[in-house]
2 protein chains.
Amino acid sequence: MNNVTIYDVAREAGVSMATVSRVVNGNPNVKPTTRKRVMEAIERLGYRPNAVARGLASKRTTTVGVIIPDISSIFFSELARGIEDIATMYKYNIILSNSDQNKEKEIHLINTMLEKQVDGIVFMGGEITNEHEETFKQSPVPIVLSATLDEKRELPSVNIDYKQASYDAVSAILRQGHKRVAMLTGTLEDPINGYQKFSGYKEALHDAGIDLDDSLVVIGDYTHDAGVDAMEQLLKLDDQPTAVFASTDEMALGLIHGAQDHGKSVPGDFDIVGFDNTRLATMVRPTLSTVVQPMYDIGAVSMRLLTKLMNKEEVTENAVVLPHRIEYRQSTSFSEDE
Amino acid sequence: MNNVTIYDVAREAGVSMATVSRVVNGNPNVKPTTRKRVMEAIERLGYRPNAVARGLASKRTTTVGVIIPDISSIFFSELARGIEDIATMYKYNIILSNSDQNKEKEIHLINTMLEKQVDGIVFMGGEITNEHEETFKQSPVPIVLSATLDEKRELPSVNIDYKQASYDAVSAILRQGHKRVAMLTGTLEDPINGYQKFSGYKEALHDAGIDLDDSLVVIGDYTHDAGVDAMEQLLKLDDQPTAVFASTDEMALGLIHGAQDHGKSVPGDFDIVGFDNTRLATMVRPTLSTVVQPMYDIGAVSMRLLTKLMNKEEVTENAVVLPHRIEYRQSTSFSEDE
DNA sequence: TTGAAAGCGCTAACAC
DNA sequence: GTGTTAGCGCTTTCAA
C-alpha cells in the first residue's frame with residue numbers, strides 16, 4: 001500500500017517536512033546537496049505526493065470540471081479532446097461528466113464539481129436559463145461556456161457566429177440560382193442548432209428576396225435517421241426543393257442517403273450542405289460540403305481562456321468568436337462563391 | 001466566496017460538527033428535529049461540503065481514473081459513455097485522460113491519478129507491457145482493463161473474444177463460396193485490431209482449406225482513408241478478392257467508398273464486412289455488415305467490475321468476455337449463415 | 001537555506 | 001443521539 005508520507009521522507013533524509021515539500025514543489029530555495037538527499041529518500045521510499053492533502057492545504061486542486069452533453073457524440077468528443085489537450089499542457093486534470101443537456105443534471109453536476117473543489121469549469125450545454133446564470137454567479141471559480149451561447153454575452157464563452165455562418169452558407173447556395181432551398185434544423189428551443197442557424201437561413205432568404213416556405217423547413221433531432229426521414233418528407237412535396245441545408249453533418253448525411261435510397265442523386269437532384277465539418281463529412285459519397293466549425297479549437301481556446309481566468313490574468317475579450325468558413329466538396333455542384 | 005465550513009454550520013445550528021457530518025452523510029443516528037435544524041442551517045449559510053477535506057479524512061475520493069487512447073474516437077467515446085453512466089450510477093466521478101496509446105504517457109497518467117487518490121482506474125490501451133504490469137501491481141487501488149488484452153489473463157478485464165469474432169465473420173464469408181477473401185487489418189503489434197483479428201482470419205482460412213495469400217492482406221491505420229487506399233491497392237491485383245474483411249468499421253467504410261470511387265459496386269463486386277458496429281455502420285450506403293462489439297456495454301461492465309473490486313466484493317470471473325455476433329446489412333450479398 | 005508549527009475542512013473512533 | 005478529539009498529509013507563514 002501507499003502509506004509513505006512527506007514525514008517519512010523527511011525523517012529518511014534527515015530534514016524537515018518543509019524542506020521535502022520545497023523539493024517536491026521545485027522551490028529553488030534548497031541547497032543542491034540537500035535536494036539530492038531528499039530526492040534519494042523519495043526514490044528509496046517510493047514516495048508519491050498526496051494531491052488531496054495538497055489540495056486541502058493549498059486550496060488548489062489543479063483539476064477542472066468539464067460538463068458535456070454527450071461524450072459519445074462525434075461533435076462533442078472532438079471538443080473534449082481540444083479541452084483535454086490544453087488542460088494537460090497546463091498541468092490540469094479533468095473531471096468529465098455527461099449532462100444530456102438536462103437542466104437539473106447540469107446544475108447538479110456544477111455543484112458536485114464545486115464540492116470537489118475544481119479550480120474552474122468548462123461548460124457545454126444548450127440553453128442557459130436564469131437558473132444556470134444564478135448557479136454560475138454563485139461559483140467561487142471561473143466557468144467558461146464552450147460552443148454554448150449566453151444571450152447576454154456577459155459570461156466567458158467561445159463560439160463561432162452561428163447565425164452568420166448559416167447565413168453565409170445559405171447565401172452561397174442562393175447565389176447559384178437555387179430558388180427553393182430547404183432547411184433541416186433543430187427545434188427553435190435549441191439556441192444554436194435551432195434558433196441561430198434557422199435565423200441565418202431566414203435572413204439569407206429574405207436578403208435574396210425569397211419568401212420563407214414553411215413546407216421547406218423540417219425539424220430533426222440531429223441523427224442520421226432524421227436526415228433520411230426529412231428527405232423522404234421533402235420528396236413528397238409537389239414543389240420540391242433543389243438544395244437542402246442541414247444544421248449538422250450527421251443529418252446532412254441522412255439527407256444524402258435518403259435521396260440515394262429513392263434513386264435521386266446528389267448533387268444532381270439536390271445540392272446538400274451540412275454544418276460542423278465533423279469527420280463524417282469525408283466519410284460519405286459524395287463527400288459533404290459543409291460549414292467548418294473548428295470544434296477542436298473551440299475546446300482548446302475554451303480551456304486556454306479558463307486557465308487565464310483561473311490565474312486572474314487580464315482577459316481582453318470575454319466572449320470569443322472564432323472564424324468559420326465553408327468547405328466545398330462533392331455534395332454541391334458548385335465549389336466556390338467568390 | 002465559499003468559506004462556510006462544517007464548523008460554521010455546527011455553530012449556527014447549535015450542535016457539534018460531528019452531528020453536522022452525520023446529517024450531511026445521511027447517518028440515521030440523528031434525531032429528526034436535530035436533523036431539521038442542521039438542514040436549515042446548511043440552507044441558510046449555503047454550506048457546500050468540501051470533498052477534498054472529506055477525501056483526506058476518509059481516504060476515499062469517490063473518483064475513478066479513466067485512461068483512454070483518444071476520446072475523439074467514435075469507438076472509445078462510446079466506451080467512455082458506458083463507463084461514465086455506471087460511474088454516475090454508483091456516485092463516482094471520473095478523471096478522464098487521453099494517452100494516445102503512448103506507453104510513457106500511460107504510465108505517467110496512472111501515477112498522476114494515483115497521486116490524486118482515485119479509488120480505482122479503468123484502463124484502455126494497446127499493448128500491456130511488463131512495465132505496465134509492474135505499474136499495475138504497485139497500485140494501491142484496483143485497475144480494470146477495458147477493451148484491452150492482458151496476455152496472461154490475470155488482470156481484471158472486459159473484452160469480447162476478438163479472435164473468435166474475426167473467425168466467425170471470415171468463416172461466414174467463406175461459407176458463401178468466396179475463395180478470395182482479403183483482410184484489412186491493423187499491424188500485428190496491435191494486440192486486438194492486428195494480432196487477434198488477423199489470427200481469426202488466418203484460422204478461418206485454414207479451416208476452410210484455403211491458403212493465405214499475402215497479397216490479400218493489407219495493413220491500415222484505422223482511418224477511412226486507409227480503407228480507400230487499401231481498396232485501391234486491391235483493385236490493382238491481377239487476381240482480385242471478392243470479399244474484404246476490415247478490422248474496424250471506419251476502414252470498412254473506406255473500402256466501400258474506395259470501390260465506389262472506381263465504379264465498383266458493393267456488394268455486387270465485393271462483399272464487405274466491418275468490425276465494431278459503431279454508429280458509422282448505418283451511416284453509409286450500402287449499410288455495413290459488421291461484427292457487433294458492444295462498446296457501451298464493455299465500458300459499463302468494466303466500471304461495474306471496478307465498483308465491485310473497490311468494495312472488495314467477491315468477483316467470480318476476473319476476465320470478463322462479453323458475447324459478440326454479426327449484424328448483416330447491405331454490404332454483403334448474403335444475410336445469414338445458419 | 002532550513003525548521004517549527006499552525007492550520008486546511010472533514011471523518012471516525014470513542015465517550016457520554 | 002450527540003459531543004470531543006485526534007488525526008488525514010500537505011502548504012505556508014514566520015523565525016532562525
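Proteins come first, then strands; the chains are lettered A, B, ... in the order of their sequence lines, and each starts at number 1. Note that these values count all heavy atoms, side chains included, but never hydrogens, waters or copies made by symmetry.
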Item checked: Value in whole Å for how far the C1' atom of D:dA16 lies from CG of A:Asn29 -> 15 Å
Next item on the list: Look at the side-chain N and O atoms of A:Lys59 and state whether any lies under 4.0 Å from the OP1 or OP2 oxygen of D:dT12.
Entry: no
Check: CG of A:Asn27 versus P of C:dG3: gap in Å, rounded?
Finding: 13 Å
Next item on the list: Do nucleotides 11-16 of chain C as a string where each nucleotide becomes B, S or -: B if the base has a protein heavy atom under 4.0 Å, S if just the sugar-phosphate does, - if no protein is that close.
Entry: BBB---
Note to self: Please report the distance, rounded to the nearest Å, between CG in A:Leu114 and C1' in C:dG9.
What the structure shows: 16 Å
Note to self: Test your reading of the model: is there a side-chain donor-acceptor pair from A:Glu317 to the backbone of A:Ala319, 3.5 Å cut-off?
What the structure shows: yes
Margin query: For residues 55-78 of chain A, which residue pairs pass the salt bridge (charged side-chain N to carboxylate O under 4.0 Å, His left out) check, not counting sequence neighbours?
Written below: A:Asp70-B:Arg81
Notebook entry, point to check: Do the side-chain N or O atoms of A:Thr19 get closer than 4.0 angstrom to the phosphate oxygens (OP1, OP2) of C:dG3?
Noted result: yes
Checklist line | Sugar-phosphate only, base, or nothing, as touched by A:Asn50 at under 4.0 Å among non-hydrogen atoms | finding: sugar-phosphate
Check: Do side-chain atoms of A:Asn311 reach the backbone of A:Glu313 as a donor and acceptor pair under 3.5 angstrom?
Finding: no
Next item on the list: Name the nucleic acid region contacted by B:Val15, choosing base, sugar-phosphate or nothing; use a 4.0 angstrom heavy-atom cut-off, strictly under.
Entry: sugar-phosphate
Checklist line | Pairs where residues 8-26 of chain B contributes a residue and the test salt bridge (charged side-chain N to carboxylate O under 4.0 Å, His left out) is met, not counting sequence neighbours | finding: B:Asp8-B:Arg11, B:Glu12-B:Arg44
Item checked: Backbone N/O of B:Glu115 and side chain of A:Arg48: donor-acceptor pair under 3.5 Å -> no
Item checked: Check: A:Thr148 side chain, A:Gly125 main-chain N or O, donor-acceptor pair, under 3.5 Å -> yes
Check: Is a side-chain donor or acceptor of A:Glu127 paired with a backbone partner of A:Pro191 at a separation under 3.5 angstrom?
Finding: no
Margin query: Please confirm whether the shortest side-chain N or O distance from A:Thr5 to OP1 or OP2 of D:dG9 is below 4.0 Å.
Written below: no
Next item on the list: Specify the closest pair of heavy atoms between B:Met310 and B:Pro142, including all atoms of both residues, with the distance to one decimal.
Entry: CG-CG, 3.6 Å
Notebook entry, point to check: D:dG9 P sits how many Å from A:Leu56 CG, rounded?
Noted result: 12 Å
Check: For the helix from C:dT1-D:dA16 to C:dC16-D:dG1, what angle lies between the axis at the first five pairs and the axis at the last five pairs, to 10 degrees?
Finding: 30°
Margin query: Looking only at the side chains, is there a donor atom on one of A:Thr62 and B:Lys116 sitting less than 3.5 Å from an acceptor on the other?
Written below: yes
Notebook entry, point to check: In residues 30-42 of chain B, which ones come under 4.0 Å of DNA chain C, going by heavy atoms?
Noted result: none
Next item on the list: Output every pair passing salt bridge (charged side-chain N to carboxylate O under 4.0 Å, His left out) with a member in residues 135-154 of chain A, not counting sequence neighbours, ordered by first then second residue.
Entry: A:Glu133-A:Lys152
Next item on the list: Determine whether the side chains of B:His132 and B:Thr129 contain a donor N or O and an acceptor N or O closer than 3.5 Å.
Entry: yes
Checklist line | Interatomic distance where CD belongs to A:Gln117 and C1' belongs to D:dC10 [whole Å] | finding: 15 Å
Margin query: Using whole Å, what does the distance between atom C1' of nucleotide C:dG9 and atom NZ of A:Lys116 come to?
Written below: 16 Å
